[in-house]
Amino acid sequence: MNPQPQNFRAPVGTHDVIGPDSAQWENLIALFAETAYRYGFELAISPLFEDVGVFNRGIGENSEVATKEMYVFEDRGGRTLALRPEGTASVVRAFVQHQPTTPWKAWYVTPAFRYERPQAGRYRQHHQIGVEVLGTDDPAVDVEVITMAWRFFAALGLTRYRLLINSMGHDECRGAYVKLLRDFLGAHASELCEDHQKVWSENPLRVLDCKKPACIDVTTGGPMLPDHICDDCRTHFSAVLGSLHDLGVEATLNPRLVRGFDYYTRTTFEFVADALDGAQNAIGGGGRYDKLAEQLGGKPTSGIGFGCGIERLLLTRAAESDRPLELLNRTLDCFVVDTTGVDSATVLLDELRSAGIAADRAYDNRSMKSQMKAADRSGARFAVLLGPQELAAGEVTIRDLRSEDFAQSQQTAPRNDVVTTISNLLTK
RNA sequence: GUGGGCGUAGCUCAGUUGGUUAGAGCGCCAGGUUGUGGUCCUGGAGGUCGCGGGUUCGACCCCCGUCGCUCACCCCA
């Protein structure tokens, strides 16, 4: 009659983020929000799920993510929906739907879902922060977006990261290049690695990204993207590279850089962290997607953006430094120790908190010693002692918990002046 | 989807060739004479040894299965 409760746990590849780790997340997201506003971005929140077509059209129906990693499901109304595997497609869908005035600059923070086997730095639900700019193909925007990410990493305290960059060309010159590459690969198909001998034709660009020696050998002698993009794209790319150089943002040209989503055109980039060993060292990436809005049914609109994985950024940060991020002040101002037995703390705390003072307390009428321990553990700056004596005298005792000197670390204050006294002590 | 390693208290881990009531440290709770934390001392709570089956007189230990964690391949953040 009383069934054994099941031991539920977070699904495979997902994680609960609780303290003290959640403080790192809070810091990182707050810093990103701050950075985004400084660059003129507004926050965009879009649904976690979309019509599956948004992602199929966006990231490409043949892409690895779309074919075998998406969480696709049918809702009760028979609609075929998918959990977002990345941020860009939804934001661009929102742009197409609402047609905000351009340039539209939006930032986001969102979970992303991909059905893969989890491993270090790879999860079925991970979280991304990113930005998108729609409505201009000015190379200055490419530079701004890349630079923002670059500066953000530095503000996070990262030091060992690199920017890899490439130009994919626009649809026409890229198409011509793919044809060229396909012909080339066709002539050398038997020399490719085992896997690509079979599938090189479906997406020739992927072969460029293959890490197997066989494929590298073949493609090294073959045509590379930057040499075959049209004059306009070349000019655009040069402008981007030039400005990045002027700003001191160190970009490494990587002609093999081909990202996993099909929507990219022209400027394409990736950030890798050297502190992360193994295959999961990409902490962020992005690029231009000048055809995406159109593919999602909108007017032709240029766009560019980047996304970064929060988990990987924090892993990188932890690998580079022992010190946690402490950009936000999240220490308690005071801890109320109430031994009156009549719960005087409730009213006192309401006064303190209403005045903007961060305050907490113990519950359950615990002993003074126990409450003092709790005060110490809480990290609060001051303990506000309120016992029978203080209650009778109409005052409180304020104790500086950082001081070791008993005599000088305590003072009394009239009960009515608690807020102002604490405020004054805090500004010292 | 394929393969390797690992599942013992909240956490980090011991547990001798299979042998009685499964241990430690940290953390948590309570005390150390009646109002003071961070050190110290004492005590306490907390575990169906991931789960299911098998071998055995006897299983945390051996075997099989399963689930989970983890790492790698693939791909990506």
Side-chain angles (χ1 to χ4, degrees), chain A residues 4 6-15 18 20 59 63-70 84-88 109-130 149 193-196 199 203 206 209-212 258-261 270-273 276-286 306-316 335 337-341 362 364 366-392 396-407 409-410:
Chain A
Q4 278 291 315
Q6 198 177 335
N7 285 323
F8 291 116
R9 42 181 309 129
V12 176
T14 70
H15 292 92
I18 63 175
I59 65 185
S63 73
E64 194 95 0
V65 169
T67 52
K68 38 193 256 199
E69 296 181 359
M70 264 207 292
R84 56 165 31 158
E86 56 99 44
T88 301
V109 49
T110 180
F113 305 88
R114 296 180 200 170
Y115 191 87
E116 324 173 71
R117 286 288 287 273
Q119 69 188 77
R122 202 183 71 182
Y123 314 97
R124 287 188 177 174
Q125 176 177 336
H126 75 281
H127 300 78
Q128 293 191 9
I129 46 180
C193 79
E194 222 173 306
D195 295 335
H196 282 122
V199 297
N203 194 346
R206 290 244 60 88
D209 201 29
C210 182
K211 287 148 201 126
K212 301 266 168 55
V258 173
R259 297 184 46 76
F261 303 139
E270 190 168 290
F271 296 95
V272 296
L276 295 183
D277 41 34
Q280 269 71 243
N281 67 347
I283 52 175
F306 73 77
C308 301
I310 293 180
E311 286 86 350
R312 288 192 190 172
L313 286 174
L314 290 175
L315 282 173
T316 307
F335 194 96
V337 173
D338 173 10
T339 54
T340 59
D364 305 318
R366 304 224 271 187
S367 71
M368 178 159 210
K369 176 172 180 156
S370 167
Q371 292 192 50
M372 283 303 292
K373 277 185 121 163
D376 184 54
R377 251 197 315 260
S378 77
R381 176 75 196 279
F382 297 104
V384 179
L385 310 183
L386 183 46
Q389 286 174 26
E390 285 87 354
L391 191 62
V396 299
T397 299
I398 298 169
R399 179 173 175 79
D400 185 343
L401 290 170
R402 293 185 199 167
S403 169
E404 293 172 13
D405 184 344
F406 187 91
S409 63
Q410 271 185 201

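The chains referred to below are lettered A, B, ... by the order of the sequence lines, with proteins before strands, and numbering in each begins at 1.
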Please report, rounded to the nearest Å, how far the [atom2] atom of [N] is from the [atom1] atom of [X].
X	N	atom1	atom2	result
Gln410(A)	G38(B)	CD	C1'	14 Å
Glu86(A)	C75(B)	CD	P	19 Å
Asn281(A)	C75(B)	CG	C1'	13 Å
Arg9(A)	G50(B)	CZ	P	13 Å
Gln371(A)	G38(B)	CD	C1'	17 Å
Leu313(A)	A77(B)	CG	P	12 Å
Lys68(A)	C75(B)	NZ	C1'	7 Å
Arg259(A)	C75(B)	CZ	P	14 Å

Below 3.5 Å between N/O atoms, which protein atoms pair up with nucleotides 1-8 of chain B? Just atom names and distances, please.
from, atom 1, to, atom 2, distance (Å)
U2(B), O4, Arg117(A), NH1, 3.1
G3(B), O6, Arg117(A), NH2, 3.1

TODO: Pick the P atom in C67(B) and in G46(B), then give their distance to the nearest Å.
DONE: 33 Å
Task: C1' gap between G54(B) and A59(B), integer Å - done: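 Pairwise C1' distance, G54(B) against A59(B), rounds to 11 Å.
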What does [X] touch in the nucleic acid at a heavy-atom separation under 4.0 angstrom: a base, only the sugar-phosphate, or nothing?
X	value
Leu401(A)	base
Leu385(A)	base
Val12(A)	sugar-phosphate
Gln125(A)	nothing
Ala375(A)	nothing
Asp338(A)	nothing

TODO: Could you check whether His126(A) and the base of A77(B) form a stacked pair, meaning centres closer than 5.5 Å and planes differing by less than 30°?
DONE: yes
Open item on the list: Distance check, rounded to the nearest 0.5 Å: His127(A) atom NE2 versus Leu313(A) atom CG?
Closed with: 13.0 Å
Looking at [X], I'd like to know whether one of its side-chain N or O atoms comes within less than 4.0 Å of OP1 or OP2 on [N].
X	N	value
Arg402(A)	G37(B)	no
His196(A)	C74(B)	no
Gln119(A)	C71(B)	no

- [ ] Return the nearest nucleotide to the side chain of Met368(A); candidates are A72(B), C74(B), U36(B).
- [x] U36(B)
Task: Closest nucleotide among C74(B), U36(B), A72(B) to the Ala120(A) side chain - done: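 Nearest to the side chain of Ala120(A) among the choices is A72(B).
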Task: Given RNA chain B, 5'-ward residue of the pair Glu311(A) and Leu386(A), judged by closest heavy atom - done: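 Checking each residue's closest nucleotide, the 5'-ward one belongs to Leu386(A).
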- [ ] Name the residue closer to the 5' end of RNA chain B, choosing between Met372(A) and His127(A) according to the nucleotide with the nearest heavy atom.
- [x]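 Final value for this comparison: Met372(A).
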- [ ] Hunt down any stem RNA chain B takes part in, defined as 3 or more consecutive Watson-Crick or G-U pairs whose two distances are each under 3.5 Å.
- [x] B:1-7 with B:67-73, B:10-13 with B:23-26, B:28-32 with B:40-44, B:50-54 with B:62-66
Open item on the list: Minimum heavy-atom separation for Met368(A) and Leu385(A), please, with both atom names.
Closed with: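 Reported closest heavy-atom pair: CE-CD1, 3.9 Å.
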Grab the N/O contacts between the protein and nucleotides 28-34 of chain B below 3.5 Å, and write none if there aren't any.
from, atom 1, to, atom 2, distance (Å)
C28(B), OP1, Arg377(A), NH1, 2.6
C29(B), OP1, Arg366(A), NH2, 3.3
C29(B), OP1, Arg377(A), NH2, 3.3
G32(B), N7, Lys369(A), NZ, 3.1
G32(B), O6, Lys369(A), NZ, 2.6

Open item on the list: Can you tell me whether the side chain of Gln280(A) and the base of C75(B) have a donor-acceptor pair closer than 3.5 Å?
Closed with: yes
TODO: Output, in order, the C-alpha distance, side-chain angles, deciding distance and verdict of salt bridge (Lys or Arg N to Asp or Glu O under 4.0 Å) for Arg206(A) and Asp209(A).
DONE: CA-CA 5 Å; Arg206(A) 290 244 60 88; Asp209(A) 201 29; 2.9 Å; yes
